[in-house]
Amino acid sequence: MLLTFDQVAELLDEIIESFPPPLFEELNGGVNLLDEAVPDPEIPRLYTMGHYCHDYLGRYINLYYGSFAAMAKLEFWTFEDWKYQLRKTSAHELTHHMETRSGLHALDDQDAEEMAAWREERKAEDG
């Protein structure tokens, strides 16, 4: 099932509103849904779903509709899959936000390890 950008934006709003407000303290740029897909430069079937950003614009989260849509096509997502993946990715990026505010980086380290493992796995699959 492929949801439109507007349908995903509406669903994402509902999901974000379900999180406790203290998680959004100092997240001055909010949570943004962007249209693009962000494929991994080495493994095109691997997509970045979201980024936590802390830069000169402040602190904000970008989620990538195109990446979600690409995975939905590849994995034949249902509406419940969309909901699960949006919630999972939002929670993940909010965890980055909370860790950064606390001066921690455990999730960054875990992400780097998982990405390395996924790249190796995909390379092996692709021969």
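Keep in mind that what you see is a predicted model, and the values were worked out from it rather than measured.
Linking Ile, Leu, Val, Met, Phe, Trp and Tyr whenever their side-chain heavy atoms come within less than 4.5 Å puts Phe68 and Phe5 in one cluster.
Ring planes of His54 and Tyr52: tilted class, angle from 30 to 60°.
Under the 3.5 Å distance criterion, the side-chain polar atoms of Ser67 are left unmatched by any main-chain donor or acceptor of Tyr47. Between the side chain of Asp81 and the main chain of Thr78, a donor-acceptor pair closer than 3.5 Å is present. Distance alone, capped at 3.5 Å, is enough to place a donor-acceptor pair between the Glu99 side chain and the Leu107 backbone.
Partners of Lys73 by side chain to side chain contact (heavy atoms under 4.5 Å, CB included), not counting sequence neighbours, listed by chain and number: Leu2. Annotation: salt bridge (Lys or Arg N to Asp or Glu O under 4.0 Å) contacts of Asp111 (sequence neighbours excluded): none. Remark: Ala72 engages Trp77, Trp82 in a side chain to side chain contact (heavy atoms under 4.5 Å, CB included) (not counting sequence neighbours).
Ala37 approaches Gly66 most closely through the heavy-atom pair CB-C, 3.4 Å.
Looking at His97 and Tyr60, their side chains never bring a donor and an acceptor atom within 3.5 Å of each other.
Within the model, atoms CE of Met98 and OG1 of Thr95 stand 8.5 Å from one another, a figure rounded to the nearest 0.5 Å.
Geometrically, Arg87 engages Phe19 in a cation-pi contact, judged by NZ or CZ lying under 6.0 Å from the ring centre and within 45° of the ring axis.
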